[in-house]
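Taking it in order: structure first as C-alpha cells, then the write-up.
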Amino acid sequence: MRRAMADAEVGDDVFHDDPTVRRLEEETAAELGKEASLFVPSGCMGNEIGVGIQTKRGDALLLHRHSHLLMVEAAAVTELLGRKYHPIDGDRGRMLPADVASVLDASNAGPDRIGMVEVENTINWGNGSIYPLPQLESVAKEARGRGLPVHLDGARLWNASAATGIAPATYAAAADTVMVCYSKGLGAPIGSAIAGTKAAMQEARVVRKMFGGGMRQVGVVAAAALHGLKHHRGRLPEDHRRARHLAEAVAAIPGIRLDPREIETNIVIAEIEEPHDRIHAFVAAVEAEGVRLVHFGGPGRFRAVTHLDVDDAGIERAIAAIRRAAASVLRANR
Ligand SMILES: Cc1ncc(COP(=O)(O)O)c(C=O)c1O
C-alpha cells in the first residue's frame, strides 16, 4: 500500500483532474452499481454530504436510535446542517419496515417533516450486525414509496458483503446514496466515498467543498484506497473468523457477558458485570498488555474490532489479556 501511494500519479482533485482519484471514483461507483462516486476524507463527511444533498433545513431524518449518524454525528447534522432526528428502535440497529411505515404515515400529519430514511450496514452499535437484505429492501420500499430518499451508511458494507456473499451493489440498490469507507477493514490510512447519481455527485462536490473537504494532490491517498479495494477485501472473512473466536473465548470468561451468536462480522461488543464503573480500570488493564479495547456502546460495555493488523497470535494475546484483567479487576472486589 505504501509503495502504491509513493508511485501514484496525481493532479488537483479540486479541479477533478487527479487521475488516481478519478480511477478510484469510477471503480467505487462500479462496485456499488451507481453512476458516480465522490472521494471524501472521512465517513462522517460522506454521511453529512448524503444528508446535505437530499434533505432541506428543518427536515427530520428517520433512523435507528443507535445509528452512527446520530450517536457520533449529531452536532454536524443538527448544528451545521440544521436537520433533526426521528429515531426509532429495532433489534441491534435494524428497523422494522412496519415501524418505518407507521412513522412515515404519522409524520405527514405532524410537525416533524421527515426528509430521508437512513440505514447502516453493518451496524457498529449492533455488534457489527448485518441488515438482512429483504428487511433492508422493505425499509427502502416504505421510504421510496412515499417519495423519500434513502441513505446507506456503508462504512463497513464490504464486511456485510464478505459475510453474506451478497454484492455491495445489491445492498446499495436499496439506497439513493451510499457511503463506504476504505479506512476501516480495507486498511487505507484515510478516505471514504459517497456514491449516487451523476447529478447527486455534482451537488456532493459543492457540499464537500463547503465542509472543507476539497483535496488537492490526493491521488497518493486514493492509491491506498484502490490498493485496499483490490487486495484487502478478500481477506475480510479472516477478520470475521477471528472475531467469532474472540467472542467465544471472551463469553466464557467469568465477569463478562456476551452472546457469541450475535457476532456476524468483525465487531465484538461485550459487557462487564456490575458495577459498571470498573470498565475504565478493566480497559486500562487490558491496554497495559498492549491490547486496545474501547469503552463503547453503553455503561460497562467495551468493543473489540478485528482488522488486518491482527493475526491469530494477536487474538490469543487479546484473549489472555482480557482473561487476566477480568480476574484482577472484575473479580477482585466482588
Ligand atoms: C457506521 C459508521 N459510519 C460512519 C463512521 C465514520 O467514519 P470516519 O471515522 O471515517 O469519519 C464510522 C466510524 O467508525 C462508522 O462506524
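We count ligands from 1, going down the list as the structure has it; atoms in each ligand are counted the same way.
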Q: Decide whether Thr78 and Tyr85 meet the rule of one side-chain donor and one side-chain acceptor closer than 3.5 Å.
A: no
Q.
Test of understanding: with side chain to side chain donor-acceptor pair (under 3.5 Å), list the residues that count as partners of Arg257, not counting sequence neighbours.
A. Glu271
Q) Would you find more than 12 non-hydrogen atoms of other residues, nucleotides or ligands less than 6.0 Å from Lys84 atom NZ? A) yes
Q. Between the side chains of Glu120 and His151, is a donor N or O closer than 3.5 angstrom to an acceptor N or O?
A. no
Q. Got a sec, which residues hit side chain to side chain donor-acceptor pair (under 3.5 Å) with Arg146, two or more places apart in sequence or on another chain?
A. Asp105, Glu142
Q | Under 4.5 Å side-chain linkage, directly or through intermediates, the cluster mates of Met5 | A | Met1
Q | First-shell residues of ligand 1 [heavy atom, distance under 4.0 Å] | A | Ser42, Gly43, Cys44, Asn47, His68, Glu73, Glu120, Asn124, Asp153, Ala155, Arg156, Met179, Lys184
